[in-house]
> 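My questions will all concern the structure given below.
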Amino acid sequence: MAKKNTYDAESISVLEGLEAVRKRPGMYIGSVSTKGLNHLIYEIVDNAVDEHLAGYCSEIHVTLEKDGSATIADNGRGVPVDMHAKGVPAERLVYTTLHAGGKFDDSAYKTSGGLHGVGSSVVNALSVYMDVEISRDGYIHHDRYEKGNPVVELVDGLLPKLGKTRKTGTKVNFLPDGTIFEKTRFKAEDVKSRMHETAYLNPELTIVFEDLRDGKKEKITYHEPEGIIGFIQDLNGKKEKIHEPVYFKGTADGIEVEVAFQYVNEFHENILGFCNNIYNSEGGMHLTGFKTTFTTVINQYARELGILKDKDANFTGADIRNGMTAIVSIKHPDPRFEGQTKTKLDNPDAAKATSKVTGDEIVRYFDRNLETLKKVIGCAEKAAKIRKTEEKAKTNLLTKQKYSFDSNGKLANCESRDASKCEIFIVEGDSAGGSAKTARDRMYQAILPIRGKILNVEKATIDKVLANAEIKTMINAFGCGFSEGYGNDFDISKLRYDKIIIMADADVDGAHISTLLLTLFYRFMKELIDEGHVYIAMPPLYKAMPKKGEEEYLYDDKALECYRKTHEGPFTLQRYKGLGEMDAEQLWETTLNPETRILKRVEIEDARMASAVTEMLMGTEVPPRREFIYENAAEAELDV
Ligand code: TSJ
């Protein structure tokens with residue numbers, strides 16, 4: 001942006017800055033969906049975490065207030081309120097200047113930082129109001145903003161005082177702007193999960209979460225003195241562990257590296273990267289450094305121990321990480337991010353530092369813990385064996401697959417080849433599939449009926465997965481292949497549909513099918529989810545037919561309750577038990593027609609959740625699976 005060359009250019013650019021945030025919020029917080037909304041809280045919390053990392057704050061309170069606002073309070077030093085060179089309190093600059101944080105940070109080491117280095121000023125700009133109380137120097141100082149603009153009059157250039165206090169700390173209360181966000185209800189589960197994650201990454205910090213909405217008084221304290229070791233144990237849950245968690249930490253080139261890992265008896269890896277306490281869902285250089293060195297070291301050991309003979313090829317990286325759960329957390333003074341969602345750590349020195357610390361520390365550890373080393377190598381041997389068998393199976397199946405595409409009669413494809421407009425509905429059951437084929441918009445909507453329960457892909461090996469007819473049809477139909485531990489043949493640019501819509505009954509079986517499909521996508525086509533192509537259709541639960549007036553479809557019990565309250569006169573209520581009960585016209589109106597249907601986009605927010613999803617989807621119990629589906633379903637949004 002060109003800077004205006006006038007005497008007050010500085011103040012103009014400040015306003016322009018916040019205006020820009022309101023104009024293009026997505027640029028600053030990723031999206032204006034619930035995910036972006038929750039990020040407002042994380043952004044503020046990250047500031048308080050910075051204060052903790054600076055050594056001054058031990059507690060952070062996060063409260064979802066009755067009125068829909070959020071309050072974040074810490075017991076740090078309090079944001080400086082003294083007059084700044086520009087004639088306003090320092091605090092004003094923090095909240096009105098984009099990226100002001102660093103200016104007041106004398107530690108030169110800004111260890112925390114939001115999604116895109118977003119500041120509290122962004123939260124301010126996107127809030128109806130933001131109320132700030134700073135306890136410091138014996139007083140509670142007060143400031144308030146509306147849509148980013150200060151509304152409190154200064155007293156001799158300083159903030160007014162609300163009273164005296166012996167404490168110190170910063171308290172911020174804000175209400176997100178409903179004209180900017182699609183929805184303004186924070187999602188408690190996501191916030192809790194993120195706070196728990198933050199507690200694991202900061203073992204000396206206590207985070208108190210409270211949800212006071214809907215007459216609730218939920219209060220949870222997160223304190224995890226075991227740090228990332230505790231995180232690993234939590235991630236691994238009830239899985240069968242191969243050894244005790246291994247932990248190490250070290251510093252190289254001014255970059256602090258902390259790692260914990262533990263192998264479980266499973267067929268995949270789960271390695272999470274964090275930089276300055278922020279989860280990097282797309283991974284990055286720190287993971288590269290860790291993986292490369294881990295592979296090299298284990299291969300060296302395997303040769304020294306005679307497990308790999310001269311003639312044997314090395315284990316692949318994926319062999320070695322088979323069954324591994326790991327957290328790689330680094331602190332970098334100047335992190336750069338790239339990737340689709342700007343969550344991939346891009347600093348080459350992060351790879352170097354992680355590599356160095358990992359090399360030094362795992363050798364030190366394994367030299368002293370041969371039993372663990374042998375178990376780890378055992379996992380790699382097992383994986384290598386399976387890989388070799390599967391490589392054969394895969395080549396066989398893929399060549400066969402090419403021919404099976406046309407002969408697969410079940411897919412009723414759409415006519416358009418414009419992927420940006422096409423949708424594919426995966427429909428449970430042949431009867432619903434039949435109605436859907438009649439009802440659909442043939443130009444843009446494809447229907448793929450699937451029968452019964454598809455394979456549980458978490459439990460099956462890759463050749464079984466690929467041998468499953470329905471899964472094969474899906475892979476073929478989507479057109480982008482699939483990826484798994486041993487190779488990445490997935491190419492999202494070839495995706496033939498903008499929306500992949502799961503259409504299942506609103507009952508336990510339906511939830512089970514949705515869950516299995518999500519697991520399949522998550523494991524073999526994760527980018528479909530990451531890039532927001534996967535949706536769940538929300539067929540109505542009821543149809544209300546009043547004696548007088550228009551019929552109305554009701555999509556959940558809340559809607560029914562509301563209908564009962566607002567509707568006068570008698571009406572009959574039809575309850576839909578399944579998609580099969582609807583005729584083609586009803587199906588079109590309620591579930592297929594983009595003008596009237598309700599879709600839920602499937603989003604996976606953070607590390608714990610991504611892991612919990614596979615966990616949940618994998619287990620054998622039914623209740624948590626339902627929870628996953630319905631919890632998301634409750635957030636259904638109109639797709640217009
Ligand atoms: F996001 C935010 F800015 F709104 C915010 C900041 C919200 C919350 C809940 C806390 C904070 C915050 C900032 N807590 N603690 C601080 N610390 C400082 O800003 C601070 C204090 C003293 C000094 C110093 O050098 O004396 C330096 C800084 C950065």
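For ligands, and for the atoms within them, numbers begin at 1 and follow the listed sequence. Any value given below was found using the heavy atoms of this structure, including those in side chains, with hydrogens, waters and symmetry copies removed.
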> Would you be so kind as to tabulate the donor-acceptor pairs closer than 3.5 Å made by side chains of residues 353-360, with sequence neighbours excluded?
residue	atom	partner	partner atom	Å
Thr354	OG1	Ala350	O	2.5
Ser355	OG	Thr293	OG1	2.5
Lys356	NZ	Asp360	OD2	3.4
Thr358	OG1	Thr354	O	2.6

> From atom 22 (C) of ligand 1, work out which of His52, Arg77, Glu51 has a heavy atom at the shortest distance.
Arg77
> Return a yes/no value for Asp74: is any of its N or O atoms, backbone included, closer than 3.5 angstrom to an N or O of ligand 1?
yes
> Can Lys526 and Glu531 be counted as an ion pair, charged N to O under 4.0 angstrom?
no
> So for atom CZ, which belongs to Phe248, do other residues, nucleotides or ligands contribute more than 12 heavy atoms lying within a distance under 6.0 Å?
yes
> For Ser120, is the nearest heavy atom under 4.0 Å from an atom of ligand 1?
yes
> Considering distance alone, does some N or O of Arg136 sit under 3.5 Å from an N or O of ligand 1?
no
> Against heavy atoms of Gly78, which atoms of ligand 1 measure under 4.0 Å?
21 (C), 22 (C)
> Any heavy atom of Tyr56 closer to ligand 1 than 4.0 angstrom?
no
> Taking the minimum heavy-atom distance to atom 9 (C) of ligand 1, which of Ile72, Asn173, Asn124, Val122 ranks first?
Ile72
> Between the side chains of Asp211 and Lys219, is the shortest nitrogen-to-carboxylate-oxygen separation below 4.0 Å, so that they form an ion pair?
no
> Tell me whether Lys344 is salt-bridged to Glu282, with the criterion being a basic N under 4.0 Å from an acidic carboxylate O.
no
> Which ligand 1 atoms, with their elements, are less than 4.0 angstrom from a heavy-atom of Val172?
4 (F), 7 (C)
> Give a yes-or-no answer on whether the side chains of Asn75 and Thr168 include a donor-acceptor pair shorter than 3.5 Å.
no
